[in-house]
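Nothing fancy with the numbering, it's 1 onward along the sequence.
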Amino acid sequence: MKIFLDSANLGQIRKYHDIGLVDGVTTNPTLLSKEGGDPQEIMGEIVRLVHGPVSLEVISTEYEGMMQEGRNLSRFGKNVVVKIPMTADGLKAVRQLKNEEIKTNVTLIFSPNQALLAAKAGASFVSPFIGRLDDIGEIGMDVIRDTVEIFRNYKYEAEVLVASVRHPLHVIDAAKLGAHIVTLPPDVLGKMITHPLTDIGLARFLEDWKKLKQTNPKIALTT
Ligand code: E4P
């Protein structure tokens with residue numbers, strides 16, 4: 001399973017990229033607005049830093065505007081994926097951008113039917129928002145289950161990119177269902193790394209090593 005970071009925070013992206021955990025990045029206008037500053041600069045920096053796909057979202061809601069913004073965003077780098085909202089104009093733009101060899105990620109997907117149409121339009125990535133469905137009492141993971149099955153049935157090229165992830169359990173469920181990608185807020189990725197028993201175990205190992213050193217001060221693991 002590929003792991004993308006759902007963030008426009010350069011510090012967090014660098015941190016997890018340096019560990020080798022970032023296969024790609026997704027951004028959106030909300031994430032960029034949290035950072036302040038010049039969004040163009042931030043987007044450019046992310047595209048340079050991360051080698052994998054970086055989703056940059058259009059603001060226009062009309063076909064022509066989406067096309068212009070999509071073409072502009074794609075000039076940031078070869079790894080740019082243009083994020084397009086799941087609307088009729090959006091689907092038209094996805095098809096045309098594919099004709100121009102520009103990859104797209106269809107965002108704001110909340111049903112398997114929307115995912116099916118986005119895949120048929122030629123999207124490279126399809127992003128169901130599971131957390132926002134859970135928030136209104138629907139089971140977001142059901143959309144992932146159905147979408148994975150539909151894409152398998154028809155061998156669609158589009159990858160299922162699980163978005164709006166709220167906690168590590170979402171990741172486990174998505175992985176069990178065979179989703180291609182999860183895009184994670186940095187804090188969720190951080191929580192996946194740690195476990196209280198790991199901390200307790202490590203503290204005990206270090207304590208025991210200290211005891212060993214007291215009996216023989218010369219021991220070391222380095223020369
Ligand atoms: C990713 O592409 C989405 O923009 C993001 O996961 C949305 O998450 P949210 O529902 O936490 O805003």
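Using a 4.5 Å cut-off on side-chain heavy atoms (C-beta onward), Leu133 and Val143 make contact. Side-chain contact between Val126 and Phe151: present, with at least one pair of heavy atoms (C-beta onward) separated by less than 4.5 Å. With a 4.5 Å cut-off on side-chain heavy atoms, Leu117 and Met86 count as touching. In this structure, Pro39 and Ile42 have side chains that are not in contact, with every pair of non-hydrogen atoms separated by 4.5 Å or more. Under the 4.5 Å side-chain criterion, counting only non-hydrogen atoms from C-beta, Val58 is in contact with Pro85. Looking only at side-chain heavy atoms (C-beta outward), Leu21 and Ile3 stay at 4.5 Å or farther from each other. Put simply, the side chain of Met66 reaches to within 4.5 Å of the side chain of Thr87, judged on heavy atoms. A heavy-atom distance below 4.5 Å is not found between the side chains of Lys98 and Val94.
Counting non-hydrogen atoms of neighbouring residues, nucleotides and ligands closer than 6.0 angstrom, the CD1 atom of Ile139 reaches no more than 12 such neighbours. For Glu157, the CD atom counts as loosely surrounded, since its 6.0 Å shell holds 12 or fewer non-hydrogen atoms of other residues, nucleotides or ligands. Surrounding NZ of Lys120 are at most 12 heavy atoms belonging to other residues, nucleotides or ligands under 6.0 Å away.
Of all heavy-atom pairs spanning Leu91 and Ala118, the tightest one is CD2-CA, 3.8 Å.
Applying the ring-ring contact (aromatic ring centres under 6.0 Å, His included) rule to His170 yields the partners His167; only residues at least two apart in sequence or on another chain are considered. The side chain to side chain contact (heavy atoms under 4.5 Å, CB included) test applied to Ile13 returns Leu5, Ser7, Val25, Ile46, Leu49, Val50, not counting sequence neighbours. Applying the ring-ring contact (aromatic ring centres under 6.0 Å, His included) rule to Phe129 yields the partners Phe110; only residues at least two apart in sequence or on another chain are considered.
Side chains of Thr183 and Thr26: a donor on one and an acceptor on the other come within 3.5 Å. Remark: the Gln96 side chain and the Asn99 side chain contain an N/O donor-acceptor pair separated by less than 3.5 Å. In summary, the side chains of Thr147 and Arg145 do not present any donor paired with an acceptor at a separation below 3.5 Å, with no hydrogens or angles considered.
With rounding to the nearest 0.5 angstrom, the CH2 atom of Trp209 is 4.0 Å from the CD1 atom of Ile219. Note: Glu159 CD to Ser127 OG = 10.5 Å, rounded to the nearest 0.5 Å. Taken to the nearest 0.5 Å, the CD1 atom of Ile84 stands 14.0 Å off from the CZ atom of Phe125.
A salt bridge is absent between Arg152 and Glu149: the closest approach of a Lys/Arg side-chain nitrogen to an acidic carboxylate oxygen does not fall below 4.0 angstrom. With respect to Asp135 and Arg132, no salt bridge is recorded, no charged nitrogen being found less than 4.0 Å from a carboxylate O. Using a 4.0 Å cut-off between charged side-chain N and carboxylate O, Asp208 and Arg204 make no salt bridge.
The cluster map of Ile, Leu, Val, Met, Phe, Trp and Tyr, joined by side-chain heavy atoms under 4.5 Å apart, puts Ile136 and Val165 in different clusters. Note on Leu169 and Val182: separate hydrophobic clusters, where clusters join Ile, Leu, Val, Met, Phe, Trp and Tyr whose side-chain heavy atoms are under 4.5 Å apart, directly or indirectly.
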